[in-house]
Amino acid sequence: MTEDTSRAPNSRIPNMRSMTPEERLQAVSAEAALSNDDARVLSGRDVLPPALADGMIENVIGKFELPMGVATNFTVNGRDYLVPMAVEEPSVVAAASYMARIARDNGGFQASSDRPVMRAQIQVLGVGDTAGARHRILQNAEALIALANSRDKVLIGLGGGCKDIEVHVFDDTPAGPMVVLHLIVDVRDAMGANTVNTMAEMLAPEVEKITGGKVRLRILSNLADLRLARARVELRPDTLSTDTLEGAEVARGMVEASALAIVDPYRAATHNKGIMNGIDPVVIATGNDWRAIEAGAHAFAARSGRYTSLTRWELAGDGRLVGTIELPMALGLVGGATKTHPAAQAALRLMKVQSASELAQVTAAVGLAQNMAAIRALATEGIQRGHMALHARNIAITAGASGADIDRVARAIVAAGDISVDAARALLADTPGGAGNDV
Ligand SMILES: CC(C)(COP(=O)([O-])OP(=O)([O-])OC[C@H]1O[C@@H](n2cnc3c(N)ncnc32)[C@H](O)[C@@H]1OP(=O)([O-])[O-])[C@@H](O)C(=O)NCCC(=O)NCCSC(=O)C[C@@](C)(O)CC(=O)[O-]
Ligand SMILES: NC(=O)C1=CN([C@@H]2O[C@H](COP(=O)(O)OP(=O)(O)OC[C@H]3O[C@@H](n4cnc5c(N)ncnc54)[C@H](OP(=O)(O)O)[C@@H]3O)[C@@H](O)[C@H]2O)C=CC1
């Protein structure tokens, strides 16, 4: 198979759930026109040779694997995407695919993003005249920007680089007055941490000269509030109905669920965890830094001083349910592990994203879909029926099931309404030669 990067796949792959992993791999590889090599590494076979793993981090003794799933049905800005998700939690991929299917019937997700701009902070201590130091920095801003851009020719050649400088003054801190210079850097298709850290360290001596102070920290901020990604979905109520509830009632319940997450940090934490259920697996599958994305998301959610929801669900005048998400999304297509991990490269080719901004937009849409699934379930039948039915297979494995027994036992404990390890063990023990005999 040769790779074709121009054609968007059809993300609607019927019966994915009934296929074997091998058949699913073939289906998505065919849709995304993946090479045999990409298909192989996505399957998890021979992905990370020991020498490559040893080159990525320190004190390597092996590898840790996660299941790689693919969320189907996604349409973002009129284009279909097959979304790779590396995650350990059941029901996440199913839920994202289901909500993307509903969204698809409503025209899909609309998404946008800011330019890929990061902040680096340079902390200056020992300055008596903090206001004066701020003025001196701003007076020298052009020279500082030029110095910051004097080294990274590749980034400048791509249209990126340091674009601006901000100065923040803290007159009262436990360590005395501080001036904090922010470098505002367009990092193009990189996540940008190393890029901006290099610039910040390079500028430090000049900043000390200008301010007369002592520079301490020189590091990016993970509150990437100039690099926001947004997604929106508008849903006709009839597309939300369940077996027992009218769509309008479901929509109202979702708005009420959203309202609690807006006002109550205890609920907001769980609501946002549900959003990150969708975002983290894409970040991991594409080799990006999920701690950075998590830190940015939660800092952004608390930016007003009160921790709140990252999404809003509202009813438009005509009864449509409108869901929106906005959060920092510092994702790269180059840098970090995105280029070194073969599965991350293959995952990016499966998604067929052409820029870090496009990746950020699709990822935001996945976060919104995941939140939609959770609050739709919570506002209607509750989370346990759908989630536990899929978690039942984990329970069966915990009880000792293997091979065909996993699905058989999972189906039986779901049907019996007793999704517990004890129930699964009892079933296995009743099976002649069942794995339960060994437990
Ligand atoms: C789990 C579902 C989707 C079942 O929902 P259902 O109604 O049983 O699904 P269905 O059988 O009617 O299938 C509908 C679609 O779902 C997908 N789907 C359905 N099953 C599968 C499967 N086995 N494998 C792959 N895809 C599946 C698939 O796309 C399918 O369409 P199709 O393509 O077949 O035409 C639903 O109940 C749901 O969305 N629940 C929410 C689950 C969720 O949010 N899980 C996250 C874990 S809970 C948590 O950590 C976060 C939380 C909840 O606390 C956050 C918060 O509080 O806000
Ligand atoms: N707080 C945090 O979040 C921190 C995170 N990190 C880590 O930093 C890593 C990410 O840093 P990052 O700067 O993205 O990675 P890299 O430094 O690995 O890559 C960025 C570099 O790639 C080159 N490049 C080539 N093509 C492009 C392009 N199209 N767009 C942009 N740059 C391009 C550029 O320069 P050139 O080719 O000239 O070198 C650029 O400086 C992650 O591993 C993260 O975990 C590190 C410190 C702190």
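If you read the sequence from its start, that first residue is 1, and numbering goes on from there. Whatever order the structure lists them in is the order used to number ligands and atoms, beginning at 1.
- Within ligand 1, the atoms closer than 4.0 Å to a non-hydrogen atom of Ala373 are 39 (O), 41 (C), numbered from 1 in the order shown.
- At least one N/O-N/O distance between Met191 and ligand 2 falls below 3.5 Å.
- At a cut-off of 3.5 Å, with distance as the only test, no side-chain donor of Tyr81 or Gln361 sits close to an acceptor on the other residue.
- At a heavy-atom cutoff of 4.0 Å, ligand 2 is contacted by both the backbone and the side chain of Thr195.
- More than 12 heavy atoms of other residues, nucleotides or ligands shown are found within 6.0 angstrom of CZ on Arg218.
- Residues Arg312 and Thr324 have side chains that never bring a donor and an acceptor to within less than 3.5 angstrom of each other.
- Residue contacts with ligand 2, taken as heavy atom pairs separated by less than 4.0 Å, involve Asn194 via backbone and side-chain atoms alike.
- Contacts of Asp152 with ligand 2, taken as heavy-atom pairs under 4.0 Å, involve the side chain alone.
- At a heavy-atom distance under 4.0 Å, no atom of Thr198 approaches ligand 2.
- Polar contact with ligand 2: present for Gly192 (N/O pair, distance under 3.5 Å).
- Short contacts between ligand 2 and Gly336, defined as distances under 4.0 Å to a heavy atom of the residue, involve ligand atoms 15 (O), 18 (O), 42 (C), 43 (O).
- Looking at Val196 against ligand 2, nothing comes within 4.0 Å, counting heavy atoms.
- Using a 4.0 Å cut-off to heavy atoms of Leu155, the atoms of ligand 2 that qualify are 31 (C), 32 (N).
- Near Arg101, the atoms of ligand 1 lying under 4.0 angstrom from a non-hydrogen atom of the residue are 14 (C), 15 (C), 30 (C), 31 (O), 32 (P), 35 (O).
- A side-chain donor-acceptor contact under 3.5 Å links Ser420 and Asp418.
- At a 4.0 Å heavy-atom cut-off, ligand 1 touches Asn73 through the side chain alone.
- Using a non-hydrogen distance threshold of 4.0 Å, Gly160 does not register as a contact of ligand 2.
- Per-residue contacts place Ser97 under 4.0 angstrom from the following atoms of ligand 1 (heavy atoms of the residue considered): 29 (O).
- The closest side-chain donor-acceptor pair between Asn288 and Thr286 falls under 3.5 angstrom.
- The closest heavy-atom contact to atom 19 (O) of ligand 2, among the options Pro116, Gly335, Gly159, Ala292, comes from Gly335.
- By the criterion of a heavy-atom distance under 4.0 Å, the side chain of Leu158, and not its backbone, is placed next to ligand 2.
- The protein non-hydrogen atom at the shortest distance from atom 54 (O) of ligand 1 is Thr270 CG2, 3.7 Å.
- Scanning the protein heavy atoms around atom 9 (O) of ligand 1, the nearest turns out to be Tyr98 CE2, 3.9 Å.
- Using modelled atom types and a 3.5 Å distance limit, the side chains of Thr239 and Asn106 yield a donor-acceptor pair.
- Heavy-atom proximity to Leu378, at under 4.0 Å, picks out these atoms of ligand 1: 56 (C), 57 (O), 58 (O).
- Applying the 4.0 Å criterion to heavy atoms of Asn277 picks out, from ligand 1, the atoms 46 (C), 47 (C), 49 (C), 50 (O), 51 (C).
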